[in-house]
There are 2 protein chains.
Amino acid sequence: MESLLNHLKTYYPISREAIGALADCLQEKTYAKSDFLLKQGRVCDHFYFLQHGALRGFYNINDKEITHWFAFENTFVSSFHSFTTGQPSIENIQFLEGSILWAISRKQLTGLFDQFHEIERLVRIIYERYYVRLEERYVNAQFKTAAELYNNLLEQSPHILERVPLGYISSYLGITPETLSRIRKQR
Amino acid sequence: MESLLNHLKTYYPISREAIGALADCLQEKTYAKSDFLLKQGRVCDHFYFLQHGALRGFYNINDKEITHWFAFENTFVSSFHSFTTGQPSIENIQFLEGSILWAISRKQLTGLFDQFHEIERLVRIIYERYYVRLEERYVNAQFKTAAELYNNLLEQSPHILERVPLGYISSYLGITPETLSRIRKQR
DNA sequence: TCCTGTTTTTGATAATTGTCAAATCGGCCC
DNA sequence: GGGCCGATTTGACAATTATCAAAAACAGGA
């Protein structure tokens with residue numbers, strides 16, 4: 001829990017009372033490699049903080065899996081679409097490693113929003129940052145070649161390559177496993 | 001202003017007082033076609049509602065313009081990255097038509113957040129929706145061919161094609177103008 | 001209306017990436 | 001350690017898209 005609270009501070013500091021109320025809502029959960037945190041068709045009614053481990057979010061489209069994000073320790077995780085709209089999820093979330101996370105339900109979170117303006121502000125700021133990151137990623141994908149994307153990934157997030165099977169990474173980059181394998185060989 | 005207030009209601013209804021305070025902060029602005037709402041390098045310290053007209057956001061990368069979004073009437077507009085972080089913008093925002101918009105400064109908006117919890121909630125919800133839309137667009141771009149992307153655009157936003165030069169649309173789809181021109185011919 | 005500069009189209013060719021199939025590698029269970 | 005299954009690599013080929021150059025279409029200003 002300590003690492004979560006420290007992480008929150010980097011976005012917006014909240015009062016002791018708010019921290020206490022938040023802590024009361026958090027539930028610790030443990031999962032094994034390959035478990036699913038969420039399957040498509042179900043509503044995602046929790047917001048998570050990944051304390052330790054790794055996950056991926058993927059869509060099942062035309063019999064193909066499209067991995068569109070990875071998460072590692074000290075990040076927030078949810079099926080954003082499903083969590084915020086309350087509609088069934090179109091994405092799946094699966095563990096790449098044994099993991100530990102903290103969960104809060106939508107109901108509890110909205111309750112905290114009502115009780116503590118500052119918690120809603122904190123979350124608003126978190127959303128902002130996540131939006132900006134997504135935008136960056138998108139623009140990159142739009143004008144870079146597969147090789148450039150891969151090399152950028154190598155520089156910026158070398159840990160991904162050690163912890164994630166190549167097939168997922170290629171999907172994440174929007175290319176086939178064969179193409180990624182060939183790009184890799186060239187270096 | 002009426003259309004803005006109506007639009008806000010579709011996200012989250014706020015009190016008469018909050019509406020009044022918000023209205024006091026809003027400034028109406030008019031621009032001509034080809035004007036810039038924002039140039040890269042400057043800080044975007046306003047959040048806008050586009051009442052009438054059209055704009056595009058684009059990056060200048062390696063001497064090329066990468067258009068990554070369009071906006072039409074009844075949408076919110078800003079350089080999200082710059083507005084939320086306060087850093088100089090890396091994107092440009094330009095008018096595609098003569099336009100009318102309402103503006104609020106960051107300072108005024110954060111002031112409203114402090115004064116009215118409900119306004120911060122409203123904006124939090126707006127951010128959520130915009131995030132989800134961006135995510136959808138991104139995933140689509142990742143697994144569809146250029147022709148599919150174009151046809152989807154035709155179905156979902158036919159107005160874009162009538163109001164935006166082809167060159168901007170091709171950039172938006174992540175392909176060259178030549179390729180888009182050829183896709184178009186096939187139909 | 002004509003001129004001019006920009007946008008779009010067309011053509012030829014090259015580069016990039018995808019597809020399908022087979023071979024190889026690597027981890028895991030017995 | 002042997003066998004098996006899935007993941008990764010390799011190869012041959014096809015499809016898609018980019019690039020460069022030139023022609024045609026279009027739009028705005030004089």
Side-chain angles (χ1 to χ4, degrees), chain A residues 32-36 54 56 58-68 70 92 94-98 139-154 160-187, chain B residues 31-36 54 56 58-68 70 92 94-98 139-154 158 160-187:
Chain A
K33 179 175 176 170
S34 302
D35 281 357
F36 279 79
R56 68 174 183 129
F58 69 96
Y59 292 90
N60 252 317
I61 303 174
N62 311 140
D63 295 331
K64 278 192 187 170
E65 291 186 355
I66 312 281
T67 294
H68 71 119
F70 299 109
N92 303 274
Q94 188 181 25
F95 290 90
L96 298 170
E97 305 172 355
V139 172
N140 269 321
Q142 212 168 6
F143 76 94
K144 290 196 171 151
T145 67
E148 284 174 315
L149 289 175
Y150 177 74
N151 290 328
N152 286 168
L153 197 64
L154 262 190
I160 290 190
L161 302 167
E162 286 144 29
R163 296 168 67 179
V164 179
L166 174 132
Y168 297 160
I169 295 176
S170 66
S171 170
Y172 174 78
L173 295 176
I175 58 180
T176 60
E178 292 94 330
T179 299
L180 181 52
S181 173
R182 286 179 181 115
I183 288 171
R184 224 183 197 177
K185 204 174 54 169
Q186 291 171 2
R187 310 195 93 228
Chain B
Y31 292 88
K33 180 174 175 170
S34 302
D35 280 358
F36 278 79
R56 69 174 181 126
F58 70 96
Y59 292 90
N60 252 317
I61 304 174
N62 310 139
D63 295 330
K64 279 192 185 169
E65 291 186 354
I66 311 280
T67 293
H68 71 120
F70 298 110
N92 303 275
Q94 187 181 27
F95 291 90
L96 298 169
E97 306 171 355
V139 173
N140 269 320
Q142 212 168 6
F143 77 94
K144 290 195 171 153
T145 67
E148 285 175 314
L149 289 175
Y150 177 74
N151 290 328
N152 288 166
L153 198 64
L154 262 189
I160 291 189
L161 303 167
E162 286 145 28
R163 297 168 67 180
V164 179
L166 174 132
Y168 297 161
I169 296 176
S170 66
S171 170
Y172 175 77
L173 295 176
I175 58 181
T176 61
E178 292 95 329
T179 300
L180 181 52
S181 173
R182 289 181 177 111
I183 289 171
R184 221 183 198 179
K185 202 173 57 169
Q186 290 170 2
R187 308 196 94 226

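Naming: A, B, ... by sequence-line order, numbering from 1 per chain.
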Tabulate protein N/O versus nucleotide N/O from nucleotides 5-8 of chain C, keeping only pairs under 3.5 Å, one per line.
{"from": "dT8(C)", "atom 1": "OP1", "to": "Leu166(B)", "atom 2": "N", "distance (Å)": "2.6"}
{"from": "dT8(C)", "atom 1": "OP2", "to": "Gly167(B)", "atom 2": "N", "distance (Å)": "2.9"}

#### Entry: Qualifying residues under side-chain hydrogen bond (donor to acceptor under 3.5 Å, both in side chains), relative to Gln142(A), sequence neighbours excluded
none
Mind listing the N/O atom pairs, protein and nucleotides 22-28 of chain D, below 3.5 Å?
none

### Query
Looking at five pairs on each end of the helix from dT1(C)-dA30(D) to dC30(C)-dG1(D), what is the angle between the two axes, given to 10 degrees?
50°
### Task
Using side chain to side chain contact (heavy atoms under 4.5 Å, CB included) as the criterion, list what pairs up with Leu166(A), not counting sequence neighbours.
Pro177(A), Leu180(A), Arg184(A)
### Query
For dT9(D), does OP1 or OP2 lie under 4.0 Å from any side-chain N or O of Lys185(A)?
no
### Query
Which whole-number value in Å describes the distance from Glu178(B) CD to dA15(C) P?
17 Å
## Note on the structure
Asp35(B) meets the side chain to side chain contact (heavy atoms under 4.5 Å, CB included) criterion, sequence neighbours left out, with Tyr31(B), Ala32(B), Phe95(B)
### Query
So how far is it from Leu161(B) CG to Leu153(B) CG, rounded to the nearest 0.5 Å?
5.0 Å
### Summary
Rounded to the nearest 0.5 Å, the CD atom of Glu65(A) sits from the CZ atom of Arg56(A) at a distance of 4.5 Å
### Task
Hey, could you give me the CZ/CD1 distance between Phe143(B) and Ile61(A), rounded to the nearest 0.5 Å?
3.5 Å
### Query
Could you give the CG-to-C1' distance, from Asn62(B) to dT19(D), as a whole number of Å?
16 Å
### Student check: side-chain heavy atoms of Ile183(A) and Ile175(A) closer than 4.5 Å
yes
### Task
To the nearest 0.5 Å, tell me how far His68(A) NE2 sits from Tyr59(A) OH.
4.0 Å
### Query
Any side-chain hydrogen bond (donor to acceptor under 3.5 Å, both in side chains) pairs touching residues 164-175 of chain B, not counting sequence neighbours?
Arg137(B)-Tyr172(B)
### Message
So, using side chain to side chain contact (heavy atoms under 4.5 Å, CB included) as the criterion, who are the partners of Lys144(B) when residues are at least two apart?
### Response
Asn140(B), Glu148(B), Leu149(B), Asn152(B)
### Task
Would you mind listing every salt bridge (charged side-chain N to carboxylate O under 4.0 Å, His left out) that reaches into residues 160-175 of chain B, with sequence neighbours excluded?
Glu73(B)-Arg163(B), Glu97(B)-Arg163(B)
### Residues which pass side chain to side chain contact (heavy atoms under 4.5 Å, CB included) with Ala141(B), listed by chain and number, not counting sequence neighbours
Tyr138(A)
Can you give me the N/O atom pairs linking the protein to nucleotides 13-18 of chain D at distances under 3.5 Å, or say none if there are none?
{"from": "dT17(D)", "atom 1": "OP1", "to": "Ala146(B)", "atom 2": "N", "distance (Å)": "3.0"}
{"from": "dA18(D)", "atom 1": "OP2", "to": "Thr176(B)", "atom 2": "N", "distance (Å)": "3.1"}
{"from": "dA18(D)", "atom 1": "OP2", "to": "Thr176(B)", "atom 2": "OG1", "distance (Å)": "3.2"}
{"from": "dA18(D)", "atom 1": "OP2", "to": "Thr179(B)", "atom 2": "OG1", "distance (Å)": "2.7"}

### Query
Rounding to a whole Å, what distance do you find between Tyr150(A):OH and dT17(C):C1'?
17 Å
### Under the salt bridge (Lys or Arg N to Asp or Glu O under 4.0 Å) test, residues paired with Glu178(B) that sit two or more places apart
none
### Task
Please state how far atom CZ in Phe143(A) lies from atom P in dT16(C), giving the value in whole angstrom units.
17 Å
